[in-house]
Amino acid sequence: MAQVDNSVPFLVFGGPRIEEPEIAEVEACLRSGWLGTGPRVAQFERDFAAWRRVQPSRVAAVNSCTAALHVSMVAAGLEPGSEVITTPLTFCATVNAILHAGLSPVLADVDPFTQNLDPAAIEAAITPRTRAILPVHFAGHPCDMGRIMAIAERHGLVVIEDCAHAIESEYRGQAVGTFGDFGCFSFYVTKNVVTGEGGMILGRDEEHIARARILALHGMSKDAWHRFGDKGYRHYQVVECGFKYNMMDLQAAIGIHQLGRVEQNWARRRELWLRYDQAFANLPVGLPAAAEEGTRHGHHLYTIMVDEARCGISRDDFLEAMNTARIGTGVHYLSVPEHPYYQQRFGWRPEQWPHAMRLGRQTVSLPLSPAMTDADAQRVVEAVTAIVRHT
C-alpha cells in the first residue's frame, strides 16, 4: 500500500467558499446581541423568496433540510401510516423524515442514467395507501417533474421535492422546488449555498407554510424576535405540538451573502464539472449524466462510477487510493436498503432495487466546490487518471 505523504495539503471534499462579507456579517450579528431567530433570518427568507420569484409568505427558514422535509409532511396533513414513495438512492434523512412524520416509506428504483426516481417505477409502486411522492433531485440533476406531476395529479398525491442538491436546478425553465406542494432545500456546509446547518421550505399554499412555520418552533404562535423585540413583550400561545427546528440569525448571516453569490458559484462549479468531463472522457469510469435539453443542472455532486471489472480496482480501494493522494472523496450514496436499520425494520434487501444497488456500490463523489483552485482541480484529475490507468 502506498504511503500517505502528510506534507501534501489535504484537499477537503466539499469545502465551502467563505468570503469577507459573510465574516463581517457574522461579526455584526455577534455584536448585535441577537443570535437566535430574528431580523437576519427574516431577510434571508425575503431574499430567497425574491430569488425564486415567490411571495415571502411562501417560504420558511428552518435548521436543516431534514427538518424541512419532516415539517412539510406534517403540514400537508398526511394521515399516519400513509405511504410516501421515494428513491433508494438518497441520504438516510429522506427516509428518516418520512418515518418521523409517522408515515411509511416505499422505495421505487432509479433510472440508471439520471440516477433519479424512475417515473415508471413510481407508478408501479402506488397502492391504495399512497398519499405522497418525495422525489430527490440527485446531485443537482432535475427529476422528470413533468411525468412525476402528471402521476401525482392522476392519483391525487402530494408532492414534496427534496432539493438538497438542487438550489439552482431547473426543469423546462421552471425552478425545482416550485412544482410540488413543498420544496425543501439544504444549506449544510457542503451544499451550494451554505449556512453551516440550515434549510428552507418553499410552499405552494401560504396556509401550509404558515403552519410549517409554527410547527418549526414548538407550535408557538410567535417567535422570540416578536416576543422580546423593542415593541414590548408579546404573549404567545402554543397551538400545536411542534418541534425545535428554527434557523438562527448567526446562520442566516452567512446565508445572506452566500445566496448573493449563488450564480457566480454555480458558474465556477460548472467550469470544474466540464473540466472533469473532458479529462475523464477516455477513462474506463462512468461519468455523470448531462442535463437534458431545456433543464438546468445544479452541478452539486460530480459522481463517477468505479466498476472493478472495467477499472481493475474496486470502488473502496479507489477511495483509499484517493485518500493516500490526500484528496477527499464522498460516497453518494450506498442505497438505503444496504443499511442494517432498514433491513431489520422493513426486511428490505438491496437486490429489490437493482439499479440503486449497483450505483450505490460503484459511486464516488469527487471534490467540486467554488473554493477550489485550478491547481486543486488538476490534482484531482491527475490522481484519478493515475489510479485508474495504473491499475
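Just so we're clear, the structure is a prediction, and the values are computed from it rather than from any experiment.
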Distance-only polar pair, side chains of Y171 and H137, donor-acceptor under 3.5 Å
no

Would you say H155 and E123 are linked by a side-chain donor-acceptor pair, where the criterion is simply a distance under 3.5 Å?
yes

Value for NE2 (H300) from SG (C163), rounded to nearest 0.5 Å, stands at 12.0 Å

Applying side chain to side chain contact (heavy atoms under 4.5 Å, CB included), run through S169 and T295 and close with a yes or a no.
CA-CA 7 Å; S169 301; T295 69; over 6 Å; no

Atom CG of L366 and atom CD1 of I304: how far apart are they, to the nearest 0.5 Å?
4.5 Å

Could you tell me whether a side-chain N or O of T130 sits under 3.5 Å from a main-chain N or O of T127, the two making a donor and an acceptor?
yes

Run N63 and K244 through side chain to side chain contact (heavy atoms under 4.5 Å, CB included) and show every step you take.
CA-CA 9 Å; N63 64 6; K244 186 68 170 75; 5.8 Å; no

Sidechain-backbone polar pair: D249 side chain, G38 backbone, donor-acceptor under 3.5 Å:
yes

Using modelled atom types and a 3.5 Å cut-off, is there a donor and acceptor pairing between side-chain atoms of S82 and backbone atoms of L103?
no

Quick one: does any side-chain atom of T37 pair with a main-chain N or O of M247 as donor and acceptor, under 3.5 Å?
yes

Should the pair W348 and Y342 be assigned to parallel (<30°), tilted (30 to 60°) or perpendicular (>60°) ring geometry?
parallel

Output yes when a side-chain donor or acceptor of D118 lies under 3.5 Å from a complementary backbone atom of D109, and no otherwise.
no

Just do the salt bridge (Lys or Arg N to Asp or Glu O under 4.0 Å) check on R275 and E271 with the steps written out, would you?
CA-CA 6 Å; R275 181 171 183 167; E271 184 180 348; over 6 Å; no

Correct closest heavy-atom pair for V62 and A216 would be CG1-CB, 3.8 Å

If you measure from NE2 on H257 to CD on E19, what distance do you get to the nearest 0.5 Å?
11.0 Å

If only atom types and distance count, is the side chain of E161 paired as donor or acceptor with the main-chain N or O of G180 below 3.5 Å?
yes

Give the ring-plane orientation class for F243 versus H70, where under 30° counts as parallel, over 60° as perpendicular and anything between as tilted.
tilted

How close do L99 and P105 get, counting heavy atoms only, and between which atoms?
CD2-CD, 3.5 Å

Salt bridge or not between R211 and E207? Use side-chain N to carboxylate O under 4.0 Å.
no

State whether the side chain of Q264 and the backbone N or O of R261 hold a donor-acceptor pair below 3.5 Å, judged by distance alone.
no

If you measure from CG on L157 to CD1 on I148, what distance do you get to the nearest 0.5 Å?
11.5 Å

Does a salt bridge link D374 with R268, judged by any charged N lying under 4.0 Å from a carboxylate O?
yes

Reported CE-to-CG distance for the pair M357 and L334, which is rounded to 0.5 angstrom
12.0 Å

Give the minimum heavy-atom separation between L69 and T94, together with the two atoms involved.
CD1-CA, 4.2 Å

Value for CG (L30) from CD (E25), rounded to nearest 0.5 Å, stands at 10.5 Å

Taking all non-hydrogen atoms of both residues into account, name the closest pair between I209 and L202 and its distance.
CD1-C, 4.1 Å

Pairwise side-chain contact, R129 with V106, heavy-atom cut-off 4.5 Å (strictly under):
no

Nearest heavy-atom contact between R40 and A253 is CD-CB, 3.9 Å

Hey, is E168 close enough to R296 for a salt bridge, meaning N to O under 4.0 Å?
no

Would you indicate whether the side-chain heavy atoms of W353 and V110 approach each other to under 4.5 Å?
no

Is there a path from M305 to F318 through hydrophobic residues (I, L, V, M, F, W, Y) whose side chains come within less than 4.5 Å of each other?
no

For V158 and D181, which heavy atoms make the closest approach, and how far apart are they?
CA-OD1, 3.4 Å

Side-chain donor/acceptor of R269 to backbone N/O of G298, under 3.5 Å
yes

Worked verdict on H218 versus Y236 for ring-ring contact (aromatic ring centres under 6.0 Å, His included):
CA-CA 11 Å; H218 299 298; Y236 66 88; 9.2 Å; no

Whether the side chain of D376 engages the backbone of L11 through a donor-acceptor N/O pair (distance < 3.5 Å, no angle test) should be reported.
no

With a 6.0 Å cut-off (strictly less than), is the heavy-atom count around CD of E79, excluding the residue itself, greater than 12?
yes

Within the side chain of T178, is there an N or O that forms a donor-acceptor pair under 3.5 Å with the backbone of A175?
yes

